[in-house]
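Protein chains get the first letters and strands the later ones, always in sequence-line order, with residue 1 at the start of each.
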There are 2 protein chains.
Amino acid sequence: MFDIFLRKLRSHSMLTTEDQRLLASLPHQMRRLSPNDYILREGDQATQCPILLSGIAFRQKHVADGGRQIVSVKLPGDPLDFQSLYLATADHSLQALTAVDLAVLPLAALEQLVAARSNIARSVLVDILVEASIGREWQLNIGRRNALERLAHFLCEFDYRMRLTVRGLDEAIEIPMTQEQLADLLGLTPVHINRTVKTLVERGALSRHGRRVRIADIACLHRIAGFSPRYLHSGAGG
Amino acid sequence: MFDIFLRKLRSHSMLTTEDQRLLASLPHQMRRLSPNDYILREGDQATQCPILLSGIAFRQKHVADGGRQIVSVKLPGDPLDFQSLYLATADHSLQALTAVDLAVLPLAALEQLVAARSNIARSVLVDILVEASIGREWQLNIGRRNALERLAHFLCEFDYRMRLTVRGLDEAIEIPMTQEQLADLLGLTPVHINRTVKTLVERGALSRHGRRVRIADIACLHRIAGFSPRYLHSGAGG
DNA sequence: CGATGTGTTGAGCAAAATCAATGGGTGTGG
DNA sequence: CCACACCCATTGATTTTGCTCAACACATCG
């Protein structure tokens, strides 16, 4: 059940069998949330560390006048809040995008394990650093690419990261976000996302199945976005 | 000489006198670089950790067609590459913006100290996390604020962070970036930055002294930007 | 004193936002 | 099983923000 979490850590860090056994035997509690449920709110003092076992979640921040920016998307296997091991108050909110299954670990237990096993400490750190690297790529994406490239780039990353941890994804990946969420992700408006999706469908990069949209031609998306996965640091060992 | 570095770490983490003594007695080499000199290039394998003692540096990333985005600005006292303790290859470049003085530490020595002193390990982590938090705020800034708010917000952060570590800043802070650099920082064009600066001067938030621009009314900037420093996590202790 | 890099300004343009209306699924409750 | 409500997607018309292009000014430095 923790398998997907261990697979995520192993995608960037070396862990011994013993490390993995210790991680898998951490005390925890299972929780299922519905779309849009909050996992953590800005200003909260977390005492637990949720791990995302299935479904998708995201981090978001707001500006005074109500606009929001989704600053990170978390996929199955991703730890959701290693940050609270070290920072007292949350600087952003964390919310479920789809229905999600979480394994919730007490911070204290995780802290002990991190103190005892340097491999695990390192994997926590690398996970934090990879997320920061993704954030920088998003800065570049939002700041310097036009709408078409921006959407294409995000979808390349989504596809790449999904295939890193989720098993049995031979077929085309379906995009689970609403167009409004994509807009908040990319610093655009929903209307413009709608038109940009349409263009990507016309170019054959995406395909429609009723209201659902799938990635039809990942190579085409890569070409449009100028995608290169270096920033994801996914060669095991960091 | 390391004082400013220790002050930076103490701005977010608790360090004992002994921790500070150990940090200050790390082996190191002084280096002075000129504006635009590279400190680290994307793809490099770092073996040293530079600490910025004076001057300003920045991280940047490029898109295929030549556009660049400055994804982080580093101020006196900031460690420049803790990341290389844990990740093999750099995912961005690091460059001097002004003339800079660096203390360059061998990674191995720093690694040993981090392994030996949990306080220091924690301060390294918190420093990494605070930078990530700043990155998220920049995502929000670039994605959801207009040019005026965006520039104002960046300048608020610049002022705030400068006062955190640099001594003797009673007077108004001067903006050391060219308008082109500000453009690459904020996802705008130099021409538009020029007009936006003009507006901030008209509103009394900035003042001109020849070609130099200073922050004249920080409260006014705060108002325009809707600035709140929570994301900087600068209460000592994280 | 000329070269260069940076700042400034104007005119026109393009990308994306805004406003507004419509349509289509889905799910719920009568 | 149908009707309604709601959310989301879609489309068109119009406006706005910021970009592009181009010329020029000014300061600094060799």
Side-chain angles (χ1 to χ4, degrees), chain A residues 34-37 56 63 65-70 95-99 141-154 174-202 206-214 224, chain B residues 34-37 56 63 65-70 95-99 141-154 174-202 206-214 224:
Chain A
S34 306
N36 299 316
D37 283 357
I56 294 176
V63 289
D65 71 359
R68 77 159 175 181
Q69 179 73 31
I70 293 178
Q95 219 174 332
L97 188 136
T98 62
N141 204 29
I142 297 171
R144 281 289 166 242
R145 284 194 258 253
N146 65 27
L148 194 72
E149 297 164 349
R150 220 184 279 189
L151 178 56
H153 193 280
F154 168 71
E174 192 169 294
I175 301 166
M177 297 88 190
T178 66
Q179 294 183 354
E180 190 187 5
Q181 288 163 342
L182 287 171
D184 287 336
L185 212 48
L186 298 170
L188 297 166
T189 54
V191 171
H192 202 63
I193 290 288
N194 185 281
R195 294 176 170 136
T196 309
V197 168
K198 197 175 168 185
T199 305
L200 286 177
V201 171
E202 281 163 7
L206 303 180
S207 65
R208 294 210 127 93
H209 302 80
R211 140 168 321 208
R212 302 275 132 220
V213 176
R214 291 196 200 140
I224 292 171
Chain B
S34 306
N36 299 317
D37 284 356
I56 293 176
V63 289
D65 70 359
R68 77 161 174 179
Q69 179 72 32
I70 294 177
Q95 220 174 331
L97 188 138
T98 63
N141 204 28
I142 297 171
R144 282 286 167 246
R145 286 194 257 255
N146 64 28
L148 193 72
E149 296 164 349
R150 221 184 278 188
L151 178 56
H153 193 279
F154 169 71
E174 193 168 293
I175 301 168
M177 298 89 190
T178 66
Q179 294 183 353
E180 190 187 5
Q181 288 163 342
L182 287 172
D184 287 336
L185 212 48
L186 298 171
L188 297 166
T189 54
V191 172
H192 203 63
I193 288 288
N194 184 283
R195 293 177 170 135
T196 309
V197 167
K198 196 175 170 186
T199 305
L200 285 176
V201 171
E202 281 163 7
L206 303 180
S207 65
R208 294 210 128 93
H209 302 79
R211 144 167 317 208
R212 300 277 134 218
V213 176
R214 289 193 202 145
I224 291 171

Could you tell me how far apart [X] ([atom1]) and [N] ([atom2]) are, to the nearest whole angstrom?
X        : N      : atom1 : atom2 : answer
A:Arg208 : C:dG24 : CZ    : C1'   : 13 Å
A:Asn194 : D:dC7  : CG    : C1'   : 14 Å
B:Met177 : C:dG7  : CE    : C1'   : 17 Å
B:His209 : C:dT6  : NE2   : C1'   : 19 Å
A:Ile175 : D:dA9  : CD1   : C1'   : 14 Å
A:Glu180 : C:dT18 : CD    : P     : 13 Å

query = So what does B:Arg212 hit on the nucleic acid, given a heavy-atom distance under 4.0 Å: a base, only sugar-phosphate, or nothing?
reply = nothing
ask   = Counting just side-chain N and O atoms, does B:Gln179 come under 4.0 Å of either OP1 or OP2 of C:dT8?
value = yes
[atom1]-[atom2] distance between [X] and [Y], expressed to the nearest 0.5 angstrom:
X        : Y        : atom1 : atom2 : result
B:Leu206 : B:Arg212 : CG    : CZ    : 13.5 Å
A:Asp37  : A:Leu97  : CG    : CG    : 12.0 Å
B:His153 : B:Ile142 : NE2   : CD1   : 11.5 Å
A:Met177 : A:Leu185 : CE    : CG    : 6.5 Å
B:Thr199 : B:Leu151 : OG1   : CG    : 9.5 Å
B:Arg195 : B:Thr189 : CZ    : OG1   : 8.0 Å

ask   = In B/S/- notation, 5' to 3', how is nucleotides 18-30 of chain D contacted by protein heavy atoms closer than 4.0 Å?
value = BBBB----B----
request  = Name the residue closer to the 5' end of DNA chain C, choosing between B:Lys198 and B:Asn36 according to the nucleotide with the nearest heavy atom.
outcome  = B:Asn36
